[in-house]
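Quick notes on the structure that follows.
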Protein chains: 2
Amino acid sequence: MSKFRILVVDDEESLCEILKFNLERAGYDVTTKHSAESALALNLAEFDLMILDVMMGELSGFGLAKIVREREDTATTPIIFCSALDGENDKITGLDIGADDYISKPFSVAEVLARVRSVMRRSGRTQQTDEGIITYNTLELNTMRKRCTIAGEEILLTRKEFEILALLLKSRGTILSREQIMQYAWSGEVVLDRTIDVNITRMRKKLGEYGNNIITRTGYGYGFEA
Amino acid sequence: MSKFRILVVDDEESLCEILKFNLERAGYDVTTKHSAESALALNLAEFDLMILDVMMGELSGFGLAKIVREREDTATTPIIFCSALDGENDKITGLDIGADDYISKPFSVAEVLARVRSVMRRSGRTQQTDEGIITYNTLELNTMRKRCTIAGEEILLTRKEFEILALLLKSRGTILSREQIMQYAWSGEVVLDRTIDVNITRMRKKLGEYGNNIITRTGYGYGFEA
DNA sequence: AATCATTGTTACAAAATTGTTACAAAATTG
DNA sequence: CAATTTTGTAACAATTTTGTAACAATGATT
């Protein structure tokens with residue numbers, strides 16, 4: 001399993017450690033640096049996401065970000081900025097979004113994780129099928145091995161369940177009609193609508209918390225949402 | 001065609017930097033100012049869009065907006081307000097002045113980009129959907145997700161409500177007869193006229209302020225207006 | 001064959017939605 | 001302004017849609 005690699009650049013050492021600890025626990029591969037300059041010594045192209053402090057030594061987070069953007073091999077790497085609290089910046093906290101994002105200190109671990117997930121989702125990196133792996137947070141579907149894991153723990157899904165989940169995850173954010181789901185997971189074979197419902201129910205149970213991510217839009221169908 | 005020029009006026013320096021960084025990356029030409037007074041020193045007519053903070057020093061964003069509206073050469077420049085206050089009163093004042101959009105802090109970069117795109121679309125008189133998303137100010141209908149949001153906040157619409165609203169928004173500015181609405185949202189199925197009225201009522205309630213945009217033309221039908 | 005996991009179907013309960021009606025309010029018309 | 005038409009909307013009823021347990025059918029495995 002290829003983990004997502006995150007680079008954290010912040011001059012506050014303790015903050016780096018906290019982020020590293022928590023992000024690693026969430027299944028990410030984390031590298032920390034305490035200055036923009038030392039970060040530049042790394043092969044930046046290998047990171048999937050960067051979390052940069054805005055206020056840092058000579059070269060600020062923005063400065064580093066500009067360099068990252070200019071390099072062809074890192075031009076599209078998502079960046080999350082964070083900056084120290086100064087009262088006014090307090091206003092900018094909260095919200096979960098995508099693309100490049102902004103977090104102001106102090107922030108909660110949950111907040112950072114939410115941002116990271118969100119950015120990952122937006123950038124489509126979670127969908128890269130390099131190795132046929134689809135992930136959402138700690139939920140992982142390996143389409144080659146036909147295996148599903150949550151935080152490394154294997155969840156035994158049956159074939160139909162796996163196919164449906166794979167489709168829902170790949171189409172994350174869109175509501176799929178039962179027709180569409182049937183077309184994909186049953187390859188055109190015709191079964192009753194209710195069969196899909198039943199399979200959804202069975203899957204939700206197995207997925208625990210993640211089961212709640214499978215949403216129902218009455219009258220339309222099902223979808224997978226954050 | 002030259003780049004789209006955006007003026008950002010906000011006393012929060014870090015926020016300006018973030019907006020500038022991201023908007024520039026999105027291909028816009030961005031100028032930032034930290035007070036309404038310093039913004040007035042610029043040739044305002046050269047901007048295609050302004051993003052103004054409401055709360056700022058002596059001359060507020062509203063004050064600046066009024067001046068912009070009064071000047072003949074900037075009277076039609078689109079304005080997006082942002083503010084930490086999200087009271088209804090603020091919102092109304094802003095929209096009365098002729099703001100094209102309103103974002104309340106905290107907001108995400110993605111949100112701002114979405115609004116900017118939306119304003120550009122409208123000013124370019126190309127109303128319509130990109131990627132199945134229909135917007136009007138902060139009201140957004142995502143036809144893939146079958147989701148309706150107002151300033152990012154989800155509004156739960158039922159299927160019929162969603163279909164009707166989608167039709168009204170797509171046909172913004174035209175009055176649609178109940179026949180037409182029925183044809184679209186009920187796919188030809190026949191129900192009483194009054195059923196549409198009831199669905200309109202239900203929707204208006206859910207949409208809060210935007211409910212007022214759904215207008216009644218006695219004897220004709222309904223429409224969505226600015 | 002016996003056992004087991006998977007899958008589809010069915011039936012019923014629960015939830016959500018939609019439609020209808022009745023009366024009040026508003027708009028229009030004579 | 002009174003009469004009439006049209007619309008707003010609360011309340012209720014009907015219908016549709018979904019959740020899910022239970023069971024049956026299928027096919028794989030021992």
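Chain naming here is simple, since letters A, B, ... match the order of the sequence lines and numbering starts at 1 in each.
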Open item on the list: Which label fits A:Tyr220 and B:Phe162: parallel for a plane angle under 30°, tilted from 30 to 60°, or perpendicular past 60°?
Closed with: perpendicular
I'd like a list of close polar pairs between nucleotides 28-30 of chain D and the protein, N/O only, cut-off under 3.5 Å.
none

Task: Listed once per pair and sorted, the salt bridge (Lys or Arg N to Asp or Glu O under 4.0 Å) pairs that draw on residues 212-226 of chain B, sequence neighbours left out - done: none
Task: Those residues that, when tested against B:Glu189, pass salt bridge (Lys or Arg N to Asp or Glu O under 4.0 Å) (two or more places apart) - done: none
N/O to N/O distances under 3.5 Å, protein versus nucleotides 13-15 of chain D:
none

Open item on the list: Counting the atoms with a prime plus P, OP1 and OP2 as sugar-phosphate, which does B:Asn199 contact under 4.0 Å by heavy atoms, base, sugar-phosphate, or nothing?
Closed with: sugar-phosphate
Open item on the list: Among residues at least two apart in sequence or on other chains, which ones pass side-chain contact (heavy atoms from CB on, under 4.5 Å) with B:Ile67?
Closed with: B:Leu40, B:Leu59, B:Arg71
Task: Results of side-chain contact (heavy atoms from CB on, under 4.5 Å) for A:Thr201 - residues two or more places apart only - done: none
Open item on the list: Looking at every heavy atom in both B:Leu165 and B:Met203, which two are closest together, and how far apart are they?
Closed with: CB-SD, 3.8 Å
TODO: Please list, by residue number, the residues of residues 154-168 of chain A whose heavy atoms come closer than 4.0 Å to an atom of DNA chain D; answer none if no residue qualifies.
DONE: none
Task: Donor-acceptor side-chain pairing of B:Arg178 and B:Tyr222 below 3.5 angstrom - done: yes
Open item on the list: Going by ring-ring contact (aromatic ring centres under 6.0 Å, His included), name the residues that satisfy it together with A:Phe224, two or more places apart in sequence or in a different chain.
Closed with: A:Tyr136
Using a 3.5 Å cut-off and no angle test, enumerate the donor-acceptor pairs between side-chain atoms of residues 150-160 of chain A and protein atoms at least two apart in sequence or in another chain.
unit_1: A:Glu154; atom_1: OE1; unit_2: A:Arg147; atom_2: NH1; d: 2.8
unit_1: A:Thr158; atom_1: OG1; unit_2: A:Glu161; atom_2: N; d: 3.4
unit_1: A:Thr158; atom_1: OG1; unit_2: A:Glu161; atom_2: OE1; d: 3.4

Open item on the list: Please convert DNA chain D into dot-bracket. A pair counts if it is Watson-Crick or G-U wobble with both distances under 3.5 Å; crossing pairs go in [ ] and bases paired with another strand get |.
Closed with: ||||||||||||||||||||||||||||||
Task: Base-contact (B) and sugar-phosphate-only (S) positions in nucleotides 18-27 of chain D, heavy-atom cut-off under 4.0 Å, - elsewhere - done: BBBBB-----
Open item on the list: Below 4.0 Å from chain B heavy atoms, what is the first contacting nucleotide of DNA chain C and what is the last?
Closed with: C:dT17 to C:dT28
